[in-house]
Engineer: 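Structure in structure tokens, see below.
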Amino acid sequence: DSSGDSYALFSAWSEGNVQATFDVVLAPDTTYTLTAAVCDSAISHTFTTSHAGAPLIGGAESLIGLTWKFRLSDDADITEPAFLDALASQYLTVPILVGVTYADATTFDLLGSLGLYNQNDGTYTQDRSEDPWDFPPADFSQSPYFDTTAPLVTLFYQSVELPIEQFHLAGTIADDGSAIIEGRADGYLDTRNAGVFFNQPDNYEAVCDLAGSAGVTCVNCGDGLPYCLFIRAENINAELVPGLSLVE
């Protein structure tokens, strides 16, 4: 690292390439140099880690009551299935709110909700017409990184329900609580109501047929019917909504 300390790493062949794994948690805002030597040849590469991972300034308890917002259309990259990223800007525009209801050195508890955006003053509020999503208490021993899963969240687009089963959300909270950065989310989107977006409102298989043409296969939903599509969003940046605390 930038102080001259060395750290162990393990290397292994992986599909014809060398894969290296660090035996240490890299520190934030730190410059590292990776050196590889093969016989008499050696190369070095220097990189600097981001600010993500710095200790919370006010401790875990300072997060209680904070709420962040993001849209899958604008504040994330949908990487699986790739074709859905092109559709997100049209259909996945509803704000998603996530707020902390409890946090300490070991436990992290989130509540999620749909959000409402007021174009007149640029503010966000909780959509109280729909039930919020309760994330079970999660391990927070790697603070400020969190990783939690809600059994079910339901998005809406023009009154069309878009349930996502096993909605998994992970990310790192900025040290001042101003954002969730480098976040990722995944889950199983129940697509049977989404045929309406392709002028096929009565065709439960419309989206799965489209996915199949792109080489992606739908899987069984929780009720055993094959209409669920695994989706993954990465690079989520969720900004703090000042003064907003979600209500159960």
Side-chain angles (χ1 to χ4, degrees), residues 67-73 75-101 108-115 126-139 145-171 180 183-198 200-236 238 246 248:
T67 299
W68 301 274
K69 56 87 179 174
F70 68 95
R71 289 181 173 87
L72 291 173
S73 57
D75 305 310
D77 298 321
I78 297 180
T79 55
E80 291 187 50
F83 74 84
L84 192 59
D85 193 50
L87 301 175
S89 61
Q90 185 173 358
Y91 300 121
L92 299 178
T93 58
V94 61
I96 296 175
L97 305 177
V98 289
V100 181
T101 57
F108 187 73
D109 202 351
L110 274 182
L111 190 69
S113 174
L114 297 177
Q126 180 180 351
D127 184 352
R128 301 290 297 277
S129 68
E130 302 295 336
D131 291 336
W133 319 312
D134 190 16
F135 290 83
D139 180 11
Y145 173 80
F146 70 90
D147 189 316
T148 185
T149 301
L152 178 70
V153 306
T154 302
L155 306 183
F156 284 83
Y157 179 78
Q158 294 183 353
S159 76
V160 177
E161 290 190 8
L162 299 172
I164 302 178
E165 299 179 1
Q166 296 302 309
F167 183 73
H168 168 237
L169 180 65
I180 296 174
R184 66 182 188 277
D186 58 61
Y188 294 88
L189 174 65
D190 187 335
T191 65
R192 69 190 83 185
N193 296 330
V196 66
F197 303 137
F198 303 96
Q200 301 179 55
D202 299 321
N203 183 4
Y204 285 177
E205 299 178 354
V207 174
C208 290
D209 288 344
L210 176 63
S213 65
V216 181
T217 303
C218 284
V219 299
N220 288 346
C221 300
D223 60 4
L225 298 178
Y227 301 120
C228 273
L229 186 66
F230 179 75
I231 63 172
R232 172 178 286 126
E234 301 182 54
N235 302 319
I236 295 174
L246 298 185
E248 296 190 42

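Residue numbers run from 1 in the order of the sequence given.
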Engineer: To the nearest 0.5 angstrom, please state how far the OG1 atom of T217 sits from the CZ atom of F230.
Structural biologist: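 Separation between the atoms: 14.0 Å.
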
Engineer: For Y204, look at atom OH and say whether over 12 heavy atoms of other residues, nucleotides or ligands are found less than 6.0 Å away.
Structural biologist: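 No, OH of Y204 has 12 or fewer neighbouring heavy atoms, counting only those of other groups under 6.0 Å.
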
Engineer: For Y145, check ring-ring contact (aromatic ring centres under 6.0 Å, His included) against everything at least two apart and list the hits.
Structural biologist: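 For Y145 there are no ring-ring contact (aromatic ring centres under 6.0 Å, His included) partners, ignoring immediate neighbours.
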
Engineer: Nearest heavy-atom pair of A76 and A233: which atoms, and what distance?
Structural biologist: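 Nearest pair, atom of A76 first, then A233: CB-CB, 4.2 Å.
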
Engineer: Identify, with sequence neighbours excluded, every residue that meets side-chain hydrogen bond (donor to acceptor under 3.5 Å, both in side chains) alongside E234.
Structural biologist: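 For E234 the side-chain hydrogen bond (donor to acceptor under 3.5 Å, both in side chains) partners, ignoring immediate neighbours, are T79.
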
Engineer: Taking the side chain as everything from C-beta on, heavy atoms only, tell me whether F197 gets closer than 4.5 Å to L162.
Structural biologist: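 Yes, at least one pair of side-chain atoms sits under 4.5 Å.
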
Engineer: Could you tell me whether the side chain of L111 reaches within less than 4.5 Å of the side chain of V98, counting heavy atoms only?
Structural biologist: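 No; the side chains remain at least 4.5 Å from each other.
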
Engineer: Applying side-chain hydrogen bond (donor to acceptor under 3.5 Å, both in side chains), can you list everything that pairs with D109, at least two apart in sequence or on another chain?
Structural biologist: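 Per chain and number, D109 pairs via side-chain hydrogen bond (donor to acceptor under 3.5 Å, both in side chains) with no residue.
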
Engineer: Identify the heavy atoms of P136 and A150 that sit nearest to each other, and give their distance.
Structural biologist: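 So the two residues come closest at CD-CA, 4.3 Å.
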
Engineer: Determine, step by step, whether R192 and L225 satisfy the side-chain contact (heavy atoms from CB on, under 4.5 Å) criterion, reporting the C-alpha distance in whole Å, the side-chain angles of both residues, the deciding distance to 0.1 Å, and the verdict.
Structural biologist: CA-CA 10 Å; R192 69 190 83 185; L225 298 178; 3.5 Å; yes

Engineer: Taking atom CZ of F135 as the centre, does the number of heavy atoms from other residues, nucleotides or ligands within less than 6.0 Å exceed 12?
Structural biologist: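 Enclosed: over 12 neighbouring heavy atoms sit under 6.0 Å from CZ of F135.
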
Engineer: Give the C-alpha distance, both sets of side-chain angles, the deciding distance and a yes or no for side-chain contact (heavy atoms from CB on, under 4.5 Å) between R184 and D147.
Structural biologist: CA-CA 9 Å; R184 66 182 188 277; D147 189 316; 3.9 Å; yes

Engineer: Check the pair C218 / C228 against disulfide (SG to SG under 2.5 Å), numbers first and verdict last.
Structural biologist: CA-CA 5 Å; C218 284; C228 273; over 6 Å; no

Engineer: Atom OG1 of T191 and atom CG of L210: how far apart are they, to the nearest 0.5 Å?
Structural biologist: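 CG of L210 is found 10.0 Å from OG1 of T191.
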
Engineer: Which heavy atom of I180 sits nearest to which heavy atom of G171, and what is that distance?
Structural biologist: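 Looking at all heavy atoms of both residues, the shortest contact is CG2-CA, 4.2 Å.
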
Engineer: Can you check side-chain contact (heavy atoms from CB on, under 4.5 Å) on D186 and I231, steps first, answer last?
Structural biologist: CA-CA 5 Å; D186 58 61; I231 63 172; 5.9 Å; no

Engineer: What residues, two or more places apart in sequence or in another chain, satisfy salt bridge (Lys or Arg N to Asp or Glu O under 4.0 Å) together with E205?
Structural biologist: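 So E205 forms no salt bridge (Lys or Arg N to Asp or Glu O under 4.0 Å) with any residue.
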
Engineer: Which value, rounded to the nearest 0.5 Å, describes the distance between L189 atom CG and C221 atom SG?
Structural biologist: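 SG of C221 is found 8.5 Å from CG of L189.
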
Engineer: List the residues meeting side chain to side chain contact (heavy atoms under 4.5 Å, CB included) with D75, not counting sequence neighbours, and say none if there are none.
Structural biologist: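 Partners of D75 by the side chain to side chain contact (heavy atoms under 4.5 Å, CB included) criterion, ordered by chain and then number, come out as F70, R71.
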
Engineer: Can you tell me how far apart CG (D134) and CG (L152) are? Round to the nearest 0.5 Å.
Structural biologist: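 So the CG of D134 and the CG of L152 are separated by 12.0 Å.
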
Engineer: Please tell me if the side chains of D127 and V94 come closer than 4.5 Å, counting only heavy atoms from C-beta onward.
Structural biologist: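 No, every pair of side-chain atoms sits at 4.5 Å or beyond.
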
Engineer: List the steps and the verdict of side-chain contact (heavy atoms from CB on, under 4.5 Å) for L246 and T101.
Structural biologist: CA-CA 8 Å; L246 298 185; T101 57; over 6 Å; no

Engineer: Taking side chain to side chain contact (heavy atoms under 4.5 Å, CB included) as the criterion, tell me which of I96, L110, L169 meets it with W133.
Structural biologist: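 Answer to the side chain to side chain contact (heavy atoms under 4.5 Å, CB included) test with W133 among I96, L110, L169: I96.
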
Engineer: Using only atom types and a distance under 3.5 Å, with no angle test, would you say the side chain of E165 pairs donor to acceptor with the backbone of G222?
Structural biologist: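 Checking the backbone N and O of G222 against the side chain of E165, a donor-acceptor pair under 3.5 Å is found.
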
Engineer: Output the distance between atom CZ (F146) and atom CG (D139), rounded to the nearest 0.5 Å.
Structural biologist: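 Going from CZ on F146 over to CG on D139, the span is 13.0 Å.
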
Engineer: Could you give the distance from CZ (F108) to OG1 (T148), rounded to the nearest 0.5 Å?
Structural biologist: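 Those atoms lie 8.0 Å apart.
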
Engineer: Can you check whether P81 reaches L229 side chain to side chain, under 4.5 Å on heavy atoms?
Structural biologist: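 Contact flag for P81/L229 side chains = yes.
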
Engineer: Which atom pair, heavy atoms only, marks the closest approach of W68 to A238?
Structural biologist: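 Where W68 meets A238 most closely, the heavy atoms are CD1-O, 3.7 Å.
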
Engineer: Excluding sequence neighbours, so at least two apart, what forms side chain to side chain contact (heavy atoms under 4.5 Å, CB included) with N235?
Structural biologist: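 In terms of side chain to side chain contact (heavy atoms under 4.5 Å, CB included), with neighbours along the sequence ignored, N235 is linked to D77.
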
